[in-house]
Amino acid sequence: MIRFEDVSVTYDGAAEPTVQGVDFEVPEGELVLLVGPSGVGKSTVLGAVSGLVPHFTGGTLRGRVTVAGRDTRTHKPRELADVVGTVGQDPLSHFVTDTVEDELAYGMESLGLAPDVMRRRVEETLDLLGLADLRGRSIATLSGGQQQRVAIGSVLTPHPQVLVLDEPTSALDPAAAEEVLAVLQRLVHDLGTTVLMAEHRLERVVQYADQVVLLPSPGAAPVLGGPAEIMATSPVFPPVVDLGRLAGWSPLPLTVRDARRRATDLRTRLAGHEGAPTRPASAAAPPARPAVPAPRTPRPGPRLRLRPRKRPDAGTPATTPATATPAADVPPVAEVRSLAVRRGAVRALRRVDLTVAPGETVALMGRNGAGKSTLLGSLVGLVEPSAGQVRVGGAVPHRTPPRELVRRVGLVPQEPRDLLYADTVAAECAAADRDAQAAPGTCRALVSELLPGVGDGTHPRDLSEGQRLALALAVVLTARPPLLLLDEPTRGLDYGAKARLVAVLRALAAEGHAIVLATHDVELAAELAHRVVLLAEGEVIADGPTAEVVVSSPSYAPQVTKILAPQRWLTVAQVREALGGVRT
Amino acid sequence: MAEAPGVHPGAWWLWALALGTAATRTTNPLLLALLLTVSAHVVVTCRPDTPSARSYSAFLRLALAVLVIRLGFAVLLGSPIPGTHVLLTLPEVPLPHWAQGIRLGGRVTAESVLFALYDGLRLATLLVCVGAANALAAPARLLKSLPGALYEAGVAVVVALTFAPHLVADGRRLRAARRLRGRPDRGVRGLLHVGLPVLEGALERSVALAAAMDARGYGRTAEVAPAVRRTTAALTLGGLLGVCAGTYGLLTAEGGTYGLPVLLAGAAAALAGLWLGGRRSARTRYRPDTWNPRSCLVAGSGAAVAALLVLAASRAPQALHPGVVPLVAPALPLWPAAAVLLGLLPAFAAPVRRLPEEPS
């Protein structure tokens with residue numbers, strides 16, 4: 001169906017081809033997964049299928065790409081529109097119209113299908129994707145998962161033979177991701193659609209793939225093979241594969257189910273070592289504070305209480321205790337009491353209580369639109385509470401001038417690029433030092449630590465996703481805020497970048513920084529968080545140690561937990577450590 | 001489908017613009033107030049639940065601002081209306097002799113204020129009518145009904161229209177990000193600093209959108225015979241030339257005879273060219289808005305209001321333009337008022353069918 005014949009792509013101004021030696025064929029009706037670290041040219045390969053590379057992006061394509069017998073050299077993207085459906089990384093930049101129904105019809109209108117055919121297919125697609133209730137809704141009001149389904153639906157209606165998807169589940173919560181993947185499964189099984197997709201979150205998709213194309217490193221030729229075979233040598237792999245490699249299982253299991261069936265032996269080996277069920281041994285878990293209802297005082301109360309609490313912090317805002325063994329008497333870094341936030345008619349948050357102690361890492365989880373970002377926003381004063389109180393380092397965030405607030409709390413937003421204004425890394429660092437009133441060079445030192453090998457003159461836009469995140473993190477850390485907030489930090493990061501991020505955040509937590517991260521990535525939460533707070537519809541529905549919260553939830557349990565249940569393991573690292581202990 | 005066949009967006013625009021035309025024919029505050037009430041009532045009963053429908057209040061505010069500004073000018077700069085009822089006397093600013101005819105401050109008479117009020121009210125009513133059209137049928141929906149040959153230009157406009165809200169959202173997000181950097185997020189400097197990244201983001205987004213549209217078949221063309229293509233070009237060009245020449249003829253003194261026929265012929269040729277050009281685009285329309293009896297009723301009621309008020313303005317100008325010198329209370333002329341009430345017809349003919357609240 002899709003055929004690459006010795007393809008290489010060189011973009012204008014680039015010395016080296018972005019991809020080369022691409023030579024494989026995707027047979028009809030298969031779901032093929034394209035994997036590899038960031039920056040190996042996955043998007044380029046996907047773009048070549050729809051003809052956007054090179055017709056739209058520019059550059060030179062050598063070799064030949066044929067889709068359903070059509071050569072992309074002679075066919076422009078619009079002439080391939082009836083055979084290839086493409087959904088890019090950001091569904092929002094895909095939409096042309098503003099309502100669901102019009103969007104589904106748009107592609108068919110361009111192709112000139114008869115009105116009665118269009119009508120029928122719109123209805124079919126609405127049913128297939130479970131969008132019937134949303135048909136008249138404005139697209140901007142939909143949740144991330146719904147938008148992603150609309151985007152897929154909008155390219156499905158012309159009945160393309162090939163579907164090309166770039167990271168369809170990266171921005172979605174686990175449940176929404178499963179929804180989207182279930183739809184893809186159905187398309188492949190029932191309609192015989194050929195699917196080629198790239199995805200970083202292998203733990204979600206690898207079990208659905210018929211074949212995997214691995215791009216091992218930039219410029220290297222891709223390797224095609226069965227999922228198990230490729231995963232055995234791939235530089236990127238999901239936890240289930242990591243565990244399989246650790247235990248020496250062959251062939252490698254790709255699904256939790258396969259792995260469970262092999263794991264009896266591993267479970268008996270681990271049986272005696274269940275000592276560290278809550279955390280990897282690297283950091284001591286701070287005691288989870290039960291949410292103590294605050295003594296409700298009338299209005300003058302908070303102002304009076306504010307001062308004594310400010311004292312321990314105010315004198316030494318820049319230094320946090322290096323040896324953070326949080327005790328019960330240490331004042332919390334952040335305190336949220338029965339917080340409510342309204343956005344028009346929507347109640348984004350209601351009666352939320354949250355306390356964060358120094359040195360503690362808290363993961364906020366929940367569906368897209370559950371209120372995670374709003375909660376983070378109210379902790380940095382971007383969102384004004386409509387009821388309840390928020391205190392960060394003794395101050396009320398939305399009433400504190402930004403200049404003072406940065407020394408109490410820092411947020412790395414979902415799109416780290418928003419934080420970066422300057423043309424070069426050096427200028428960005430200088431600006432950060434000025435903003436934070438830190439000694440010149442503070443930020444640059446942090447950047448060198450987090451991002452070794454990035455030159456002063458690099459433009460922030462030329463950095464990879466992970467590097468940009470690290471730069472934004474360095475900018476925020478320049479003010480040494482005792483509380484660090486991260487919104488979806490692993491979106492678009494490959495496993496390597498994620499591992500580096502985990503190491504950095506662990507070191508920060510060990511220094512006494514409190515960290516709150518909003519994430520859909522259950523594996524990240526398992527690696528990092530002491531505590532997990534689950535939000536649903538703006539309310540806290542669970543708050544407790546990671547192991548307890550995560551183990552009891554089917555969609556938020558990491559793979560290792562599912563495989564080794566009923567034992568309580570969270571990460572491969574824990575298992576590795578325990579097994580290491582067995583051997584020595 | 002829970003919805004009844006809707007009213008064609010063009011009908012709503014015709015209705016609203018006709019009401020606006022009616023408003024320009026009168027300065028009688030009672031009639032204008034009646035027009036305002038009629039349009040507002042129809043908007044409230046008929047508007048769909050879309051973002052553009054929610055922009056109605058913005059138009060109302062704009063109309064109010066226009067009224068206030070008109071009054072402010074009348075008070076500050078005076079007006080040529082002679083009046084005897086002095087309300088108050090502002091200190092007059094002496095102006096140099098070359099600025100003769102301009103007055104700053106001075107006497108403010110009841111007559112001049114009333115005249116400004118009537119005049120401002122007329123302008124405000126016109127604005128509110130445009131707002132009503134906007135609320136009842138989004139301009140994007142209207143653009144969808146363009147002939148095939150103009151479709152691509154229409155999409156460009158639609159995309160541009162949806163772009164502004166994105167730009168505002170981007171701006172907000174980036175200003176919030178300034179706060180995260182510890183810089184003040186208010187003030188002009190904050191706005192300036194955010195400008196460049198916002199534009200960059202907008203540019204990136206438009207490139208991504210263009211790629212998506214291209215990949216979804218935007219701009220596909222059907223093969224047409226060269227003869228048809230040439231005829232299209234000839235008709236369109238010739239038609240436009242004819243329109244220009246005809247207009248010139250109409251406007252100059254000598255061309256009174258050939259002006260109108262040439263203009264009409266040119267317009268016909270241009271339309272034929274457009275229609276032929278539409279054959280190049282292979283597009284079809286999904287559930288196009290159809291011009292049904294309901295639409296006729298809506299457009300017709302607006303047209304009736306406009307026609308009757310134009311008639312009234314020529315028959316009984318005094319009733320439609322109450323004098324301010326001497327000061328008299330405006331009276332409600334009976335049959336023009338009844339004519340305005342005809343504009344209420346859509347509220348009964350095409351009330352919106354509200355779908356039951358959808359669980360999301």
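Convention: sequence-line order gives letters A, B, ...; per-chain numbering from 1.
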* Asked: At a heavy-atom separation under 4.5 Å, does Asp82(A) approach chain B through its side chain, its backbone, both, or neither?
  -> both

* **Side chain / backbone / both / neither for Thr157(A) at chain B, heavy atoms under 4.5 Å** => neither

* Structure fact -> Whatever's closer than 4.5 Å to a heavy atom in chain B on Thr99(A) counts as neither

* Just jot down the salt bridge (charged side-chain N to carboxylate O under 4.0 Å, His left out) partners of Arg468(A), sequence neighbours excluded, or say none. => none

* Atom group of Pro91(A) that falls short of 4.5 Å from chain B, counting heavy atoms -> neither

* **Note, Arg179(B) side chain near Leu382(A) side chain (heavy atom, < 4.5 Å)** => yes

* Tyr421(A) side-chain N/O to Arg178(B) backbone N/O, donor-acceptor pair under 3.5 Å -> yes

* Please name all residues satisfying side-chain hydrogen bond (donor to acceptor under 3.5 Å, both in side chains) with Thr125(A), sequence neighbours left out, ordered by chain then number. => none

* Asked: Which bit of Leu52(A) comes within less than 4.5 Å of chain B, counting heavy atoms only: side chain, backbone, both or neither?
  -> side chain

* Sort Val380(A) into side chain, backbone, both or neither according to what part of it lies under 4.5 angstrom from a heavy atom of chain B. => both

* Asked: Which residues in residues 200-207 of chain B have a heavy atom less than 4.5 Å from any heavy atom of chain A?
  -> Glu200(B), Glu204(B), Arg205(B), Val207(B)

* **Interatomic distance, Arg220(B) atom CZ to Leu80(A) atom CG [nearest 0.5 angstrom]** => 8.5 Å

* **Which portion of Arg434(A) sits near chain B, non-hydrogen atoms under 4.5 angstrom** => neither

* side chain to side chain contact (heavy atoms under 4.5 Å, CB included) with Ala234(B): which residues, sequence neighbours excluded? -> none

* Asked: Top residue by heavy-atom pair count (under 4.5 Å) with chain B, among His55(A), Gln437(A), Glu109(A), Glu415(A)?
  -> Glu109(A)

* **Distance in Å, Leu180(B) CG paired with Asp435(A) CG, rounded so as to fall on 0.5 Å steps** => 11.0 Å

